[in-house]
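Below is one structure, written out as structure tokens, with a few remarks after it.
From a predicted model like this one, the values you see are computed outputs, not experimental measurements.
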Amino acid sequence: MRQRHMIRQAVRKDAREMHRVLTEEQFRDYMRILGVTLRNRHL
């Protein structure tokens, strides 16, 4: 349970940082790929 919380926090922090540097289109694609990756790894 604690590990999931830490992963979720890390993903949210990373997403905030990436949102600052990517265009909206790039960020949308980034989030789509990140979501698929997390689902495939059952996180």
Side-chain angles (χ1 to χ4, degrees):
M1 183 67 114
R2 177 89 174 131
Q3 184 179 9
R4 279 186 188 258
H5 177 72
M6 291 178 70
I7 291 170
R8 194 171 302 146
Q9 281 183 324
V11 168
R12 289 178 66 183
K13 180 182 176 193
D14 185 60
R16 277 193 307 269
E17 292 174 4
M18 294 304 284
H19 194 259
R20 280 191 290 130
V21 297
L22 298 175
T23 66
E24 285 299 317
E25 183 181 357
Q26 289 171 327
F27 182 70
R28 205 171 32 248
D29 291 340
Y30 172 79
M31 291 304 290
R32 188 177 305 126
I33 293 167
L34 180 60
V36 169
T37 301
L38 293 173
R39 278 192 297 278
N40 286 344
R41 293 180 175 257
H42 305 290
L43 300 173

Listing, residues 7-16 side-chain donor-acceptor contacts under 3.5 Å, not counting sequence neighbours, or none:
| residue | atom | partner | partner atom | Å |
| --- | --- | --- | --- | --- |
| Gln9 | NE2 | His5 | NE2 | 3.3 |
| Asp14 | OD2 | Tyr30 | OH | 2.0 |

Would Phe27 and Val21 show up in the same hydrophobic cluster when neighbours are defined by side-chain heavy atoms closer than 4.5 Å?
yes
Qualifying side-chain hydrogen bond (donor to acceptor under 3.5 Å, both in side chains) pairs, either residue in residues 19-29, two or more places apart
His19-Glu24, Thr23-Gln26, Asp29-Arg32
Would you say that more than 12 heavy atoms from the other residues, nucleotides or ligands in this model lie under 6.0 Å from the CD of Glu17, or not?
yes
Just grab all the side-chain hydrogen bond (donor to acceptor under 3.5 Å, both in side chains) pairs involving residues 33-43, residues at least two apart or on different chains.
none
